[in-house]
Amino acid sequence: MSLIFTPPAPTTLPIVGRDERFPVRRVFCVGRNYAEHAKEMGFTGREAPFFFMKPADALLVVESGQTGHMAYPSLTRDLHHEIELVVAIGTGGTHIRAEDAMQHVFGYAVGLDMTRRDLQSDMKKQGRPWEIGKAFEQSGPIGPLTPAAQAGDISKAAIWLQVNGQERQRSDISKLIWNIAETIEHLSSAWTLAPGDLIFSGTPEGVAAVQAGDTLEGGVSGLAPLKVAIDAP
Ligand code: MN
């Protein structure tokens, strides 16, 4: 078979302690999955989980010990940070039960669901899709994957984000409305999950704007940290 152009190489993530890399297939994101963040966005109560996606090539892969560089994106005046635990699927499946779900997890990473909040808000008001607010290039900075066996008990890990050394977000993975296993159960009832799929599990409260020149440092205890500089447009 001959192709009319050379397809881009797949997006791949470094893996802590391994030479092999993790090829990314799809990127699922969970909306409003911490109660305090749902409140700050104007919602209360435990809704059924809902999902949106980013293209795999919207990830900004940050190698171990490096600082990623994200150019301030076009069209927005309100670029928000959302620090998130990212779950990497190693074994696929459909209708995965929560009690079996953790066997499908390869590992975890720290990610940022960067959001053009003004554009997302406009789309929400009009009942239109969110892609322009969520799925643009470099909208998903992500650090190295830590294999699940090395990550410790992620279900009770702290999660935090600092901007220019000042704390903006801090919570605990135990505060997820839908925990990782339940999220996989819901997601795999709607899509057949496959190796390489990532799940951005949602952000805690404290989302706010960043500017060109800011440096973001995020972490989840037990995982490799993530550092990203916001560059001029
Ligand atoms: Mn998010």
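Just follow the structure's listing: the first ligand is 1, and inside any ligand the first atom is 1.
For the atom pair NZ (Lys134) and CZ (Arg117), the distance works out to 5.0 Å, reported to the nearest 0.5 Å. Atom OG in Ser171 sits 12.0 Å away from atom CD1 in Ile83 (nearest 0.5 Å).
Inter-residue side-chain proximity for Phe22 and Leu198 is flagged as met; some heavy-atom pair is nearer than 4.5 Å.
Salt-bridge formation is detected for the pair Arg32/Glu47: a Lys NZ or Arg NE/NH1/NH2 atom is positioned less than 4.0 Å from an Asp or Glu carboxylate oxygen.
With sequence neighbours left out, the side-chain hydrogen bond (donor to acceptor under 3.5 Å, both in side chains) criterion links Ser174 to Asp172.
At a cut-off of 2.8 Å, measuring from the Mn ion (ligand 1), the protein N, O or S atoms that fall short of it are Glu82 OE1, Glu84 OE2, Asp113 OD2, waters left aside.
Panel note: side chain Arg26, backbone Pro55; no donor-acceptor pair is recorded below 3.5 Å.
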